[in-house]
Each structure stands twice: as C-alpha cells, then as structure tokens.
Number of protein chains: 2
Amino acid sequence: MYTAGMSTPDRLIEATRELLWERGYVGMSPKAIQQHAGVGQGSMYHHFTGKPDLALTAIRRTADELREAADRVLDTPGSAYERISAYLLRERDVLRGCPVGRLTMDPDIIASDELREPVDETIAWLRGRLAGIVREGVDRGEFAPSLVPEEIAASVVATVQGGYVLARASGSTDAFDAGVRGLLSLLAPPA
Amino acid sequence: MYTAGMSTPDRLIEATRELLWERGYVGMSPKAIQQHAGVGQGSMYHHFTGKPDLALTAIRRTADELREAADRVLDTPGSAYERISAYLLRERDVLRGCPVGRLTMDPDIIASDELREPVDETIAWLRGRLAGIVREGVDRGEFAPSLVPEEIAASVVATVQGGYVLARASGSTDAFDAGVRGLLSLLAPPA
DNA sequence: GTCTATAGTTGGATAGAC
DNA sequence: GTCTATCCAACTATAGAC
C-alpha cells in the first residue's frame, strides 16, 4: 500500500481498510495496523480511541468508495439490462471478496450495531438502486411485468456476494463468472 | 448444545463446529472450545494435536451433514424446477449463515490448503449436483436449451450464499427470501 | 504528536502428576 | 485419559517522557 505523503490518520485508516478486507475485524490487531501504516503505538491511540473507532472510520470510507464505484457503472444511459449487466460484469478483485460484504461474516461486526450500520446501509442502498433500475425496465416493457424489482435486485446483489464465496472456496474466479453469466442468461430480454 | 452422553472427542468436535459457525476460525480459541465442550485442557490436547486438527475434523463433519441435507431435498422425484425450488426454499438458519460457506471469509482457512479442501469439495459437489438437475431439465424441455447447466447451478448456489450476506447485513431474513424468490421467478418455466 | 515503558488478559500449547 | 502448572507470545490498551 502506498501511504507516502499521507497524514498519520490517513495512513492508519488506509492500513485498517486493507486489514479489514484481508483478515476481517477479529483477525486484525492494533499492532498489525501500526506496522502496515508505519506508525507508532502512541500515534494510533492519539488519533483514535482504539480498534473499534478506527474500524468504524475505515468501514465508512470503504462503504463510500463502494457506493461511488457502483454509481459509476449504474448511473449511465442504456437499457436496464445493460446497466445491470455492466454492474455484474464490472471489474472486481474477486478472490479478495467484497470489502463490505465480507464484514457480515465477522462476529464482532454483527454484534455491534455501530459497526454493522454502515454495512447495512451500503447494501440496502445498493439493493434500492438496482431495484429502481429493474422497475424502469419493467415500466418500459423491457422485463416481464411479473418481475418484482426488489426481488430481482436482491438476486443480483446476492449473486455477486455469493459469487465471492464460490470463487474463494475453489481458489479461482471461474465460479464467480459462471454465477454472473447464469443470472444474466435468465435475465436477458428475449433477443 | 446438548453434549451429555457424548464421548469427549465428540463433545470437542461439536463445540468446535458451533464455534466455527458462530465466530469463525480466527475468532475461536482453544479455551472457548474447552469451555463449550465442558472438557479440560489436557483432554483436548490428548485427543487432538491442536486447533487446526480439531477444526479440520469439525469442518469435515459439518460438510458431510450439509451434503446429506442437500441430498435429502435434491434426491426426490419431481421436475427440475421443483427440485431446485425445494433446495432454495429448504429451511435454514439464515441469520447464522452457511456453516461451510462462511469459512471462505476466514483468512486462516483460505491460507491453509488442508482446511480449505473440505470447503472446496463440498461446494464443488453441490454445484455439480445442481448442474445435473438443470441438465435434466434442459434435456426434458423444461428449461430453455440456451441455459448452461453449470452457470445456472453457480447462480443458485451463489444466490443462497449471497442471501446470507444480505440477511446478516440487515439483521433480517427478508433479504434472503427476496433473493431466492427473485431467482425462482426468473427460472420459472412459462406457466 | 510521537515515543518508549508498562500492564493485565488471552491465545495456543507443553510438561508432568495423577 | 484427565488435571493442574507453566510458558512465551500476542492482544489491547494506558502512562508518562519527550
């Protein structure tokens, strides 16, 4: 991670984001954060009250980035199918998993309403965003009127989140791609 | 957990299965295992070489159970859609997540080929099993011939695994159910 | 703001008595 | 087979000097 030129708090936040992604909250120690950030113990506890404080700040930043990245592919012209397809096919670090979704499997995150909140909010936002696009597709006659936008949106997000699981289990990105293609083949408007 | 009447190794294995499900590998300590099993330190290290040994045994048992449970709903008469539907709708402890899939988010599991192996094998088996059913559906004309069985199977498994993520993020099972219904609505043969 | 020192707790395991 | 004692490292801070 390139942290030169960053302020000490930023170096700590970036190190925490990396470690949360790589090892999760329970698998991440303050010492590891300090070492990755190249920052001493005293500095960390000067700028943050402790591990939960730093984690919350890091999670919020990651959540903001994820939203912006999703909006970049969703907020485009094109048919509903094209926009959903663009979301599903966007570049991802598949074997690392989702930096937000992975946190749902962390017991200490789930046990804390404060730490879970930005995770919940991000995924809820994404589901709503996709549901709106599906609804547009239905309204325009692009999708069958029987489709329930909120359900299709949940399927899309779940396919991505589950795709990470399949990929990490097998150690290959193939399973992720297969799941996405499967869903797209079901969603594809009749040619 | 009811462990009365079980042998000491079995009590340890069951306690480990619970803790792996609840807290993951990195979040589970030998001391916690002993306490949950009601077994002393000496006993644990007498029967198992350490935490990895015990975890491997526990994961294998959980994987076996998951396979049997899946086979019970898949190995039935009925159309391909009905069998896949039965799998997707089978009872689950949604907010606890998948006891096998959750392990893919555990860094120490993924870092160890030995611990990852039963996880990989179980999910690969499930994908293959579902792909076979989809293939039958295609062969019988129940599904569109354009569907790729392996891809649909991956979508089905991913929807379930991702459904757990959505549910745990929101703290409610609703999102899981929505994802499943969405996928089923896309998969449903024309009425 | 940053550093080093200190401290109590837990993690993960070994040794040896019984 | 099980128990207690012991061990060293790591975890998660706090204290106080600079």
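What's counted below: heavy atoms across the whole structure, side chains too, no hydrogens, waters or symmetry copies. The sequence lines fix the lettering, A, B, ..., with proteins before strands; numbering per chain opens at 1.
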Are there any protein N/O atoms within less than 3.5 Å of an N/O atom in nucleotides 3-7 of chain C, and if so, which ones and at what distance?
| unit_1 | atom_1 | unit_2 | atom_2 | d |
| --- | --- | --- | --- | --- |
| C/dC3 | OP2 | A/Gly40 | N | 3.4 |

Please list all pairs meeting salt bridge (charged side-chain N to carboxylate O under 4.0 Å, His left out) that have one or both residues in residues 143-166 of chain A, counting only residues at least two apart or in different chains.
A/Arg135-A/Glu150, A/Glu151-B/Arg181

From the list B/Arg23, B/Arg61, B/Arg96, salt bridge (Lys or Arg N to Asp or Glu O under 4.0 Å) with B/Glu18 holds only for B/Arg96

So, taking the atom named CG in A/Leu20 and the one named CG in A/Leu115, what distance separates them when rounded to the nearest 0.5 Å?
9.0 Å

Phosphate OP1/OP2 of C/dT10 contacted by B/Ser29 side-chain N/O (<4.0 Å)
no

We want to know whether A/Arg92 and A/Tyr164 form a side-chain donor-acceptor pair, criterion being a heavy-atom distance below 3.5 angstrom.
yes

From B/Tyr25 atom OH to B/Ile110 atom CD1, the distance as rounded to the nearest 0.5 Å
13.0 Å

Residues in residues 44-60 of chain A with a heavy atom under 4.0 Å of DNA chain C, by number, are A/His46, A/His47

Find the distance B/Asp108:CG to C/dG11:P and express it as a whole number of Å.
14 Å

First locate atom OG of B/Ser170, then atom CD of A/Glu121, and finally report the distance between them rounded to the nearest 0.5 Å.
13.5 Å

Side-chain N or O of A/Thr8 less than 4.0 angstrom from OP1 or OP2 on C/dG1?
no

Option passing side-chain contact (heavy atoms from CB on, under 4.5 Å) with B/Leu126 (candidates B/Asp71, B/Val157, B/Val100):
B/Val157

